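This report refers to the structure that appears directly beneath it.
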Amino acid sequence: MTLDKNFDAARAEAEILARWLEAGAFRAGANASRDETFCIMIPPPNVTGSLHVGHAFNNTLQDILVRWHRMRGFDTLWQPGTDHAGIATQLAVEKELARTGNLSRREMGREKFLEKVWEWKEQSGGTIVEQLKRLGASCDWDREAFTMSGNFPDAVMKVFVDLYNKGLIYRGKRLVNWDPHFETAISDLEVENVEVQGHMWHFKYPLAGGETYEYVEKDLDGNVTLRETRDYIAIATTRPETMLGDGAVAVHPSDERYAPIVGKLVHLPLCDRLIPIITDEYPDPLFGSGAVKITGAHDFNDYAVAMRNGIELYRLMDTRGVMRADAAADNLVPEQYRGLDRFEARKLVVADIDALGLMDFVEDKKIMQPFGDRSKVVIEPMLTDQWYVDAKTLAGPALAAVKSGEVAILPERDKKVYYHWLENIEPWCISRQLWWGHQVPVWYGPKLKRDFLGIISGTTSVSMDETNLHEVFCAPSEADVIAQATKFYEDQGVRVKVVFAGDADVQRDGQIDRAKAALNNAKEGFIEITLFRDPDVLDTWFSSGLWPIGTLGWPDNTPELQKYYPTSVLVTGFDILFFWVARMMMMQLEVVKQVPFHTVYLHALVRDEKGVKMSKSLGNVLDPLELIDEFGADALRFTLTSMAALGGTLKLSRERIAGYRNFGTKLWNAARFAEMNGCVAGAVGVPKAEATVNRWIIGETARVREVVDKAFTEYRFNEAALALYAHVWGKVCDWYVELAKPLLQGEDERYKTETQGVMAWVLDQCLILLHPVMPFITEELWGQTGARSKMLVHGDWPTYGAELADGEADAEMGWVIGLIEGIRSVRAEMHVNAGAKVPLVALGLDAVALARLERNRVLIGRLARVERFEFASVAPKGAVTLPVEGGAFCLPLADVIDVSGELARLVKTLAKLEGELNGLKGKTANVNFMSRAPEEVVAQIVERIAEGDEEAAKIRAAMARLQALR
RNA sequence: GGGUGAUUAGCUCAGUUGGUAGAGCGCUUCGUUUACACCGAAGAUGUCGGCGGUUCGAGCCCGUCAUCACCCACCA
């Protein structure tokens, strides 16, 4: 059977993948021959997502590490799985519902909606997994995990409850980042601050009761620059609509301009309210007017000021960012603004202020505006009840683990970023007003009125405390919460029966009404207590933060957990260092008191060829599946690998992928050549060789193995790819195959057999070493070129090294290759017809050079197209001279060469050489250099000068001969 | 405002303890030498952003400036 002319990636990839899967080649522990484990957790992609180039890159790197370790006999697990991705998935399903004319989420209700999400997940959830398989990702697919299935929800619930019981999770009413589109709170990290063109409006707030004061402005030297009587205080704002919720105007305590009116009241325009002028450290006297309106419920800074000074908070908007129109807001939002979108309200407020003559002036200004990272709408600070994690406490161990070196972060510089974030961490808001996710395991029950407790006797009625509405029960399951609540109430002397009544309601203003927690009066000796569950779900990152232990079966102490935890390395993009990496560190360290992994390798983000982030809206997305269809998975993988330098960004282009597709073809054809020349693979062990070329290529192979291993060890994937490329194409294909041809096709059976064996071995080594990067084509060739005891995916990674290097062979091949290149170069430059065979004259060769020539004259003759060899002591007329180590060669080209052309060539060569030599000689003449530079360096330079001088002398001699010819 | 990184051949980028620069693509010339035209051979191209400094020696270390990118941040 002869190999086809090209590798048919589309056909072979599907077949090979099926064979791997069928053989269970990727299962945990497959091919393990030692006790050491190697485990990687896949960064779980969104369950309903599809593969983009970033995934392809990320998973290629992981697959390389995994395949490499598996071939080296490590007990290897690559744990796959997907993330439920709360907001993203809920959004996708809502869109789908709208598109297909279904009821909306709210119309169908929570239970029904969640059914739809699960349907959607079943339907589209397998896509990305199949795509990862096409990439060649060798995950243990039998262990595929999902953050909403199996033990995972239990793990999440248990962690929530444990943290709650330790006081590390708590509920708080405070300002959060509110997304008016999704109508949920989001964390700081999900907010993107973007600079936009905005305005700053300067308003005049009149003093109450028509009071006036003398306003005096001074320059830095204390000279008065302005003095006038004012009946107002000027404030500036970028968000005029929030003025309706102002609770005060603040000035800096040192600001003399306003000292006369501190403590007085101003009349808030448009609202029938008086608010005080207070002092606080927050206002900057040098910025704007120096006076700041304080809207505690709609601005984070103002909130802090309001808290410090006991200023009232007025919440102006509902969950959609619409000015409140509910009854409670009757006295707050003036009628004309109610029900208006916040941006509409802004226009109206500005117009109304202007109409009142209170508009001081307006300026254009670039402002930083917060946007939701998924919704892309302007985020509104909102006062709501949310669940928080005490991140500061959890951050301590996460910081220590990296500082101590227990966990390494690569590239090193990202450590600083990690430190900075953890050292300044804020409480983590983990509750989301969504439906798709892990529902908070908290139930609310009625708070019993203490007055009654004393008289409860089992038949007496009990009432609720209407002023303090609920008791909180946090437990991992309904059964547990029943037990907990029953005990709680019975401890108060009440016999109860606990029932559930669904979730507490979320009203449109975002306040959870827990008053529905209820109780019925005594029946048959007990009281019925109704519990309502907190409707919120947890931030997706709360659950994915438990990915390492959760996928291994925690909270059960499974064999996998014992064996593979802590995992080895986390491979991910630096964009989720905070979102995910830091959270995993914090949570794993808190929950199991052990780091989740020992190394974090942060790779670049993939951009398009112009360096722009790929996005659907820009239309610059390269679809990895299309690239795989066109070029094959291996070409894509090799390309990504070759560009995986530590840090930075990765710009992907189709041309480059095509180039590496060609590399695969090159390898394929080298194998094809070997096959056509009777090189049968499959022999075990490093072959013994006598021929110089064979000894040389064996050494080269050992060298590249060392380079590749070192590069993988240091996560320098691009260096491994580069070394393999240079070896396979530059050494094996360009030289070894060519040099081997005379031996393979010659008469000496001994050399022929030896070379067949060596070539088969060399190509096998190429396949093995390339396999982690290019698994498909190498597996295919492995199968087609010999009888194998096992698939290449379980091939034995070699351990040979320097002991296979043969200095003598290296030197000789270097000499031969140099000569051949020299001859080719001269021929090309002299425009000697490529087909023309010329004689080569050896000139004054020493014994070593002579022996080298004799051993390799067939090779040289063939590769340099030399017809015959002659020996002379004097260079023939009209010859071109090639200096070599131990002598020189001449090409007599008198009738073909252009003498002045050759002279020009020599002049150029000599000039270059002399430039180099002069530099080096300058150094040796420098006393400082000679006395301070290391001996090795000096010796090297001296040697190079000697060589160079010799070479220059030969060139000069050749020039003299040519001169004589003219 | 703080921080980080980048600036090297026409393009995209490597360059790991400082020893006078590399790859891929592109470009030029030549080539049906039966593995491969997704190929082969030969070739051209860089004051390594500017300016200073340390050093025998700097793309690499230090300072500074310029331009760009990204991250973080509450200036109304």
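Excluded from the calculations below are hydrogen atoms, water molecules and symmetry mates; all remaining heavy atoms, backbone and side chain alike, are included. Worth saying up front: this structure is predicted, and the values here are computed from it rather than measured. Below, chain A is the first sequence line, B the second, and so on; all start at residue 1.
Once rounded to the nearest 0.5 Å, the distance linking CZ of F579(A) with CD of E190(A) reads 5.5 Å.
Between the NZ atom of K666(A) and the C1' atom of A37(B) there is a distance of 10 Å, rounded to whole Å. One atom, NE2 of H603(A), and another, C1' of G5(B), lie 17 Å apart when rounded to the nearest Å. Between the P atom of A35(B) and the CZ atom of F663(A) lies a distance of 20 Å, rounded to the nearest Å. Per the geometry, CG belonging to N301(A) stands 7 Å off C1' belonging to C75(B), to the nearest Å. If you measure from atom OH of Y418(A) to atom P of G3(B), you get 22 Å, rounded to the nearest angstrom. Protein atom CD1 of I367(A) is 7 Å distant from nucleotide atom P of A76(B), rounded to whole Å. A straight line from OH of Y725(A) to P of C25(B) spans 5 Å, rounded to a whole angstrom. Atom CZ of R827(A) is separated from atom P of A41(B) by 14 Å (rounded to the nearest Å).
In this structure, the nucleotide among U16(B), A76(B), A35(B) sitting nearest to the side chain of F287(A) is A76(B). Residue T665(A) places its side chain closer to C36(B) than to any other of A42(B), C36(B), A76(B). Among A41(B), G40(B), U12(B), the nucleotide with an atom closest to any side-chain atom of R824(A) is A41(B). The side chain of L722(A) lies closest to A23(B) when the candidates are U16(B), A23(B), A76(B). The listed nucleotides are A41(B), U16(B), C71(B); the one nearest the side chain of F578(A) is C71(B). Checked against A76(B), G5(B), C72(B), the side chain of R413(A) finds its nearest nucleotide in G5(B). If you check C36(B), A41(B), A73(B) against the side chain of M368(A), the one that comes closest is A73(B). Among A73(B), A76(B), G24(B), the nucleotide with an atom closest to any side-chain atom of N193(A) is A73(B). Listed candidates were C25(B), C38(B), A42(B). Nearest to the side chain of E655(A) is C25(B). Among the nucleotides A35(B), A73(B), U12(B), the one closest to any side-chain atom of R672(A) is A35(B).
Between A828(A) and S642(A), the residue whose closest nucleotide on RNA chain B is further toward the 5' end is S642(A). Nearest-nucleotide positions on RNA chain B for F673(A) and W729(A) put F673(A) closer to the 5' end.
In this structure, a donor-acceptor pair under 3.5 Å is present between the side chains of D246(A) and T295(A). No side-chain N or O of E363(A) forms a donor-acceptor pair with one of H199(A) less than 3.5 Å apart.
As rounded to the nearest Å, C61(B) and G31(B) have P atoms that lie 48 Å from one another. C60(B) and G19(B) have their P atoms separated by 11 Å, given to the nearest Å. With both ends at atom P, the span from G22(B) to U29(B) equals 26 Å, rounded to whole Å. G18(B) and G53(B) are spaced 15 Å apart, taking the C1' atom of each and rounding to whole Å. Going from the C1' atom of C27(B) to that of G63(B) covers 40 Å, rounded to whole Å. U17(B) and C71(B) have their C1' atoms separated by 29 Å, given to the nearest Å. Here, A6(B) and G49(B) have their C1' atoms 11 Å apart, quoted to the whole Å. Between G52(B) and A66(B), the two C1' atoms lie 15 Å apart (nearest whole Å).
Taking the six-membered ring where the residue is Trp, W421(A) and F578(A) present parallel rings, their angle staying beneath 30° rather than reaching 60°. Ring-plane geometry between Y205(A) and F203(A) is classed as tilted, the angle between the planes lying from 30 to 60 degrees on a 0 to 90 degree scale.
With respect to the salt-bridge test (charged N to carboxylate O, under 4.0 angstrom), the residues R672(A) and E675(A) do not qualify. Under a 4.0 Å N-O distance rule, the pair R824(A)/E821(A) does not qualify as a salt bridge.
In this model, the phosphate group of G43(B) is approached by a side-chain N or O of S825(A) to a distance below 4.0 Å at OP1 or OP2. Between K365(A) and A76(B) there is a side-chain N or O to OP1 or OP2 distance below 4.0 Å. For N662(A), a side-chain nitrogen or oxygen approaches OP1 or OP2 of C39(B) to under 4.0 Å. Neither OP1 nor OP2 of C72(B) sits under 4.0 Å from any side-chain N or O of K416(A).
In this entry A66(B) has U7(B) as its Watson-Crick or G-U wobble partner, both defining distances falling under 3.5 Å. With a cut-off of 3.5 Å on both Watson-Crick or G-U wobble distances, the partner of G22(B) is given as C13(B). Base pairing of A73(B): no nucleotide in any strand meets the Watson-Crick or G-U wobble criterion (both distances under 3.5 Å). As the counterpart of G57(B), no nucleotide is assigned, since no Watson-Crick or G-U wobble pattern has both distances under 3.5 Å. With both pairing distances under 3.5 Å, C39(B) is matched to G31(B) as a Watson-Crick or G-U wobble pair.
Within the nucleic acid shown, Y303(A) has no heavy atom closer than 4.0 Å to any nucleic acid atom. Note on G198(A): nothing from the nucleic acid sits closer than 4.0 angstrom, heavy atoms only. Within the 4.0 angstrom heavy-atom criterion, no nucleotide atom of any strand lies near E192(A). D414(A) comes within 4.0 angstrom of no nucleic acid atom, judged by non-hydrogen atoms across all strands.
Checked by distance alone, R661(A) brings a side-chain donor or acceptor within 3.5 Å of a matching partner on the base of C38(B). Looking at E426(A), its side chain has no donor and acceptor atom pair within 3.5 Å of the base of A73(B).
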Could you go through W668(A) and L781(A), starting from their C-alpha distance and side-chain angles, then the distance that decides it, and tell me whether this counts as side-chain contact (heavy atoms from CB on, under 4.5 Å)?
CA-CA 7 Å; W668(A) 183 267; L781(A) 283 171; 3.4 Å; yes

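No donor-acceptor pair closer than 3.5 Å links the side chain of D255(A) to the backbone N or O of P285(A).
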